[in-house]
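Just below is one structure, and these are the notes that go with it.
In what follows, chains carry the letters A, B, and so on, assigned in the order in which the sequence lines appear, proteins first and then strands, with residues in each chain numbered from 1.
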2 protein chains.
Amino acid sequence: MPWDTEATRRRLLDAAVEEFAEHGPAGARVDRVARSAGINKERIYQYFGDKEGLFRAVLERELQRLAAAVPLTAEQAGDLGDYAGRLFDHHTDHPHFLRLLHWEGLASGGEAVAEAKRAALQHDKVAAVADAQRRGLVTAAIGAGQLLYGVMALVDWWFVAPHVVRMTVGAEGMDRATQRAAVVELARRMSAP
Amino acid sequence: MPWDTEATRRRLLDAAVEEFAEHGPAGARVDRVARSAGINKERIYQYFGDKEGLFRAVLERELQRLAAAVPLTAEQAGDLGDYAGRLFDHHTDHPHFLRLLHWEGLASGGEAVAEAKRAALQHDKVAAVADAQRRGLVTAAIGAGQLLYGVMALVDWWFVAPHVVRMTVGAEGMDRATQRAAVVELARRMSAP
DNA sequence: GCAAACTCCAACCATGCAGTTGGAAAATCG
DNA sequence: CGATTTTCCAACTGCATGGTTGGAGTTTGC
């Protein structure tokens with residue numbers, strides 16, 4: 001039977017996403033990742049260097065997926081409510097990502113994973129919003145960066161602070177459809193010209 | 001020299017706030033808390049039971065401080081932009097709290113610290129917003145709970161995902177005054193009738 | 001077909017860390 | 001003052017965990 005190193009890698013990453021999303025960089029256990037992937041622990045160190053390297057690899061893969069799944073072109077920037085909805089949907093389908101992102105934000109003090117690349121990507125989105133502002137589709141009362149910030153904040157918080165949400169809107173307000181509608185509406189109102 | 005157990009307790013809590021805010025429940029080191037407080041580690045276990053107990057004590061104290069510092073009465077709920085600004089100011093002055101809150105959200109799966117008490121407090125705020133809606137000061141197009149959610153999300157994200165913010169608005173957009181103005185404006189637009 | 005290079009694993013190691021213990025100094029109570 | 005209780009601490013323990021090693025099986029290049 002031939003080696004399938006790519007599959008080994010992927011299985012490790014799949015297990016690692018779960019583990020890191022659940023427990024964060026500090027709480028994650030390398031042994032658990034290996035066991036859950038059915039691969040020997042030593043492979044992790046061979047492929048990814050150390051625990052932090054594994055975390056970076058995991059996060060980069062998820063970042064790539066998000067960027068591919070939820071674009072924001074100049075056309076699309078005209079309706080930020082729609083963008084908020086699409087973002088919300090992606091996070092609903094891939095609940096790991098936002099947790100990873102916020103573990104990263106809380107844990108890492110210095111430079112972010114793939115900072116330059118991500119900054120460039122964000123910059124493009126801000127430019128798209130600025131374009132929509134110029135065309136009068138979106139309010140120009142606030143900076144484009146700040147508007148984009150607002151949309152991200154509105155979408156993300158459900159996933160990042162679910163316990164506060166629960167205490168605020170109650171169990172009945174935790175329904176995904178209701179949340180989605182609220183986010184879209186809030187984003188629209190925020191960005192209306 | 002007489003004992004001052006209250007001071008011991010307080011010094012431990014002060015050191016623990018720093019430690020937990022910086023490293024989170026999993027990354028925090030009990031030894032470090034004790035050393036930084038200049039108190040023996042064993043005291044922590046005597047006073048707070050275990051590491052988790054210490055975390056709970058820390059969080060409860062900060063929650064109390066926030067509740068006292070940034071109220072939301074029915075009168076005040078008429079201007080959610082103002083509330084957002086006050087909230088922003090408190091978090092700027094006490095940067096530990098939001099980090100603790102989000103470590104809690106990410107780490108703990110089950111019940112939140114002092115859940116019942118906090119839920120009641122949030123409920124009061126939601127009621128205040130609902131009242132403002134009835135008086136026509138705030139939009140009724142969205143539920144009161146969802147509106148409050150929006151304000152919290154807008155305010156908190158600066159502190160919780162600073163790395164993403166940095167990549168989005170650039171170093172020049174990280175200025176506190178600019179951020180505050182943006183939050184207030186966004187909250188106003190969101191909640192305008 | 002054989003040697004070098006690569007994949008994989010079980011067992012091992014060192015250390016960092018949450019939690020404990022035994023006892024000394026200080027306060028309290030009679 | 002003496003007995004008892006409480007505060008405090010240095011030193012210890014046991015274990016979980018990140019990271020390593022030596023070697024056996026597998027593929028590839030010549």
Side-chain angles (χ1 to χ4, degrees), chain A residues 1-61 100 103-104 106-110 113, chain B residues 1-61 100 103-104 106-110 113:
Chain A
M1 170 171 34
W3 298 121
D4 189 348
T5 81
E6 208 39 59
T8 305
R9 240 185 116 84
R10 198 184 55 249
R11 285 169 63 193
L12 282 173
L13 282 176
D14 288 343
V17 176
E18 295 274 350
E19 179 72 13
F20 279 122
E22 181 69 21
H23 304 283
R29 297 293 163 243
V30 178
D31 305 58
R32 213 153 37 194
V33 171
R35 204 158 46 83
S36 142
I39 306 281
N40 192 276
K41 188 169 59 146
E42 176 265 2
R43 287 290 84 197
I44 290 175
Y45 292 95
Q46 208 56 34
Y47 285 143
F48 305 104
D50 57 8
K51 189 159 94 155
E52 205 195 307
L54 180 60
F55 182 74
R56 269 199 304 274
V58 162
L59 189 57
E60 274 178 69
R61 196 178 63 160
L100 288 174
W103 284 119
E104 184 200 16
L106 287 176
S108 88
V113 172
Chain B
M1 170 174 29
W3 297 123
D4 189 348
T5 80
E6 207 40 58
T8 306
R9 239 185 116 83
R10 198 184 56 251
R11 284 170 63 193
L12 282 174
L13 281 176
D14 288 343
V17 176
E18 294 274 352
E19 179 72 12
F20 279 121
E22 181 70 21
H23 304 283
R29 297 293 162 241
V30 177
D31 305 57
R32 212 152 39 192
V33 171
R35 203 159 47 81
S36 144
I39 306 281
N40 190 276
K41 186 169 58 144
E42 176 265 3
R43 288 290 84 196
I44 291 175
Y45 292 95
Q46 208 56 34
Y47 285 143
F48 305 103
D50 56 8
K51 190 161 93 156
E52 206 195 306
L54 180 60
F55 182 75
R56 269 199 305 273
V58 162
L59 189 56
E60 275 179 68
R61 195 178 64 161
L100 288 174
W103 283 118
E104 185 200 16
L106 287 175
S108 88
V113 172

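As a whole-Å value, the separation of A/R10 CZ from C/dT7 P is 16 Å. Spacing between atom CD1 of B/I44 and atom P of D/dT7 amounts to 16 Å, rounded to whole angstrom units. Atom CZ of A/R43 is separated from atom C1' of D/dG23 by 13 Å (rounded to the nearest Å). As rounded to whole Å, 13 Å separates atom C1' of C/dC17 from atom CZ of B/R35. Straight-line distance from the CD atom of A/Q46 to the P atom of D/dT20: 10 Å, rounded to whole Å. Look at CZ on B/R9: it is 15 Å from C1' on D/dT6, rounded to the nearest Å. Nucleotide D/dC8 holds its C1' atom 12 Å from the CG atom of B/L12, rounded to whole Å. The interatomic distance linking B/L54 (CG) with C/dC17 (P) rounds to 16 Å, in whole Å.
Residues from residues 13-27 of chain B that place a heavy atom under 4.0 Å from any atom of DNA chain C: there are none.
Looking at heavy atoms from C-beta onward, A/Y45 lies in side-chain contact with A/V30 at the 4.5 angstrom threshold.
Closest approach of A/A34 and A/L12 over heavy atoms only: CA-CD2, 4.5 Å. Residue A/P25 comes nearest to A/W103 through the heavy atom pair CD-CB, 3.6 Å, listed as atom of the first residue, atom of the second, then distance.
Residue-level contact check: B/Y47 touches the backbone only, with heavy atoms under 4.0 Å from sugar-phosphate atoms and none from bases.
Pairs of residues two or more places apart, or lying in two chains, that qualify as side chain to side chain donor-acceptor pair (under 3.5 Å) and include a residue from residues 27-42 of chain A are A/E19-A/R32. Pairs passing the salt bridge (Lys or Arg N to Asp or Glu O under 4.0 Å) check and including a residue from residues 44-56 of chain A, sequence neighbours excluded, read A/E52-A/R56. Legend: salt bridge (Lys or Arg N to Asp or Glu O under 4.0 Å) pairs involving residues 6-18 of chain B, not counting sequence neighbours, sorted by first then second residue: B/D14-B/R61.
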Item checked: Full working for side-chain contact (heavy atoms from CB on, under 4.5 Å) between A/F48 and A/L13 -> CA-CA 10 Å; A/F48 305 104; A/L13 282 176; 4.0 Å; yes

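Put simply, B/T8 has a side-chain N or O that comes within less than 4.0 Å of OP1 or OP2 on D/dC8.
Under the salt bridge (Lys or Arg N to Asp or Glu O under 4.0 Å) criterion, A/E22 pairs with no residue at all, not counting sequence neighbours.
Closest to the side chain of A/Y45, from the set D/dG19, C/dA18, C/dC9, is D/dG19.
To the nearest 0.5 Å, atom CG of residue A/L54 and atom OH of residue A/Y47 are 13.0 Å apart.
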Next item on the list: Mark up nucleotides 11-17 of chain D, 5' to 3', with B wherever a protein heavy atom is under 4.0 angstrom from a base atom, S wherever such an atom reaches only the sugar-phosphate, and - elsewhere.
Entry: ------S

